[in-house]
There are 2 protein chains.
Amino acid sequence: MARTTPQTHGEILAAAARRFGVTGYRGTSLQDIAGEVGCSKATVLYHFANKEAILTELMAPAIEVLRSLDERIAAEPEPASAQRVAAEGFVDLAVRFRAEIALLRGEFPALMQQPGFAHIQQLSERLLDALAARSTRASARIAAFVLLAGVAETCGEFADVPDEELRDALLALLRRALEPAD
Amino acid sequence: MARTTPQTHGEILAAAARRFGVTGYRGTSLQDIAGEVGCSKATVLYHFANKEAILTELMAPAIEVLRSLDERIAAEPEPASAQRVAAEGFVDLAVRFRAEIALLRGEFPALMQQPGFAHIQQLSERLLDALAARSTRASARIAAFVLLAGVAETCGEFADVPDEELRDALLALLRRALEPAD
DNA sequence: TCAGGTGCTGACCGATCGGTCAGATTAGTG
DNA sequence: CACTAATCTGACCGATCGGTCAGCACCTGA
């Protein structure tokens, strides 16, 4: 029905984002997405090579920002300054892409083990290292992990809180919660 | 093979815990569990009504402790003392049952929407409220959410850190990270 | 007018899921 | 021995999954 024109690609992407946000990646079937768009499942797979390709395209901008943050962190010589850059950069990223992060809905660990997402695992580990001020103390790494996982899990909730207020709250939390460099 | 005797029930439970811990609840099939035990899938379903029943029995002790913590929190008249009881109780619970919590592997949100786990959602919300020192300020609730989700996500990792060290690190983090009562 | 490309679809595929069921095997009891 | 009840299993079920494919309708340009 209705001449859809080639904007279908974008419609599928938007519909997938909506569905992933509600039922998660694994919990959303291609049929679900097709139903939301109003096309057939075959049409979805005409525009995207497979299901993972939809998620990849959806997450691409956020991943690119994460990658550039990783570079900025690596360029910092001092643990203390790297920690600051990591905290500010991560909170900024989490707030800016909170919709995208939310749609992972806790499936982050499972997705990381999948090929094509393996390099993100490395980025996360380096981010963790920077947040722990490159310390090997267990307490420092534990605190960094709690905050990393917690912020990622949180930013999707509180959809009613404006970006700036959310960013300020998260940044204030990280500042008082992270252990300072040795 | 091998006369298994009625200890099979416990073996299935242990195997399920191991598998859930690796691939998560949804990512583990009854066939996987049966394979780990060395019995047939039908045997698993002879000992348990269905897949959810395995998870329920596995989580029962942790849920019972959470329920009793909820009562202790509710009995505290002051927000400040309720916050302290909530923080200490939650960290203690997270560390004691870290294996059980780990096997949820971020599927917590999805599981909560399932009947039979709905009441845990309420317990979590009341715990969040106490950690936020019953404040309605967005920053307080955001901090409480980050720490709640973060600790839950964290305690499964760091399996090599002893209970006491993990508990001390988490408690110290919560003490400096939570906003004090108004 | 017609050939060819684009967008799209219904029908279908093999795999896997949770779950059922009739029946085989075993252990205990009289 | 016979009988019963508990334990266990292979075969099977319907549903759903991601993905494939031949072909239909439409548009465009030669």
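By convention in this document, chain letters (A, B, ...) are assigned in the order of the sequence lines, proteins followed by strands, and residues within each chain are numbered from 1. These numbers come from a predicted model, not from an experiment.
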Less than 4.0 angstrom between a side-chain N/O of [X] and OP1 or OP2 of [N], yes or no?
X: B:His47; N: D:dA6; answer: no
X: B:Thr8; N: D:dT7; answer: no
X: A:His9; N: C:dG7; answer: no

*Just checking B:Ser29: base, sugar-phosphate only, or nothing, at a heavy-atom cut-off of under 4.0 Å?*
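Answer is sugar-phosphate: B:Ser29 comes under 4.0 Å of backbone atoms only.
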*Please work out if B:Leu45 contacts a base, only the sugar-phosphate, or nothing of the nucleic acid, heavy-atom cut-off 4.0 Å.*
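Since a base atom lies under 4.0 Å of B:Leu45, the category is base.
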_A:Asp182 and A:Arg137 ion-paired at < 4.0 Å_ =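 Salt bridge between A:Asp182 and A:Arg137, a charged N being under 4.0 Å from a carboxylate O: yes.
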*If you measure from the Lys or Arg side-chain nitrogens to the Asp or Glu carboxylate oxygens, is any gap between A:Arg67 and A:Glu64 under 4.0 Å?*
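Judged by the 4.0 Å cut-off on N to carboxylate O distance, A:Arg67 and A:Glu64 do form a salt bridge.
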Separation of [N] [atom2] from [X] [atom1] (nearest whole Å):
X: A:Ile12; N: C:dG7; atom1: CD1; atom2: C1'; value: 11 Å
X: A:Ile54; N: D:dG18; atom1: CD1; atom2: C1'; value: 11 Å
X: A:Leu30; N: C:dC8; atom1: CG; atom2: P; value: 16 Å
X: B:Glu11; N: D:dT7; atom1: CD; atom2: C1'; value: 13 Å
X: B:Lys41; N: D:dG10; atom1: NZ; atom2: P; value: 12 Å
X: A:Phe48; N: C:dG7; atom1: CZ; atom2: C1'; value: 14 Å
X: B:Asn50; N: C:dG19; atom1: CG; atom2: C1'; value: 9 Å

Check every atom of [options] against the side chain of [X] and return the nucleotide holding the closest atom.
X: B:Thr43; options: C:dT9, C:dT20, D:dC8; value: D:dC8
X: A:Tyr46; options: C:dG7, D:dG19, D:dC21; value: C:dG7
X: A:Ala42; options: C:dG18, D:dG18, C:dG10; value: C:dG10
X: A:Gln31; options: C:dG19, D:dC17, D:dG19; value: D:dC17

*Is a donor-acceptor pair below 3.5 Å formed from side chain A:Lys51 to base D:dG19, judging by atom type as modelled?*
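Flag unset: no donor-acceptor pair detected.
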*Mapping A:Gly27 and B:Val44 to their closest nucleotides on DNA chain D, which lands nearer the 5' end?*
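Comparing both residues, the 5'-ward one is B:Val44.
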*Say whether A:Glu57 and A:His9, considering side chains only, have a donor N or O and an acceptor N or O under 3.5 Å apart.*
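Present: a donor and an acceptor within the cut-off.
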_We want to know whether B:Glu179 and B:Ser135 form a side-chain donor-acceptor pair, criterion being a heavy-atom distance below 3.5 angstrom._
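There is no such pair (donor and acceptor under 3.5 Å, judged by atom type) between the side chains of B:Glu179 and B:Ser135.
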*Whether over 12 other heavy atoms sit under 6.0 Å from A:Glu164 CD*: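 Open: at most 12 neighbouring heavy atoms sit under 6.0 Å from CD of A:Glu164.
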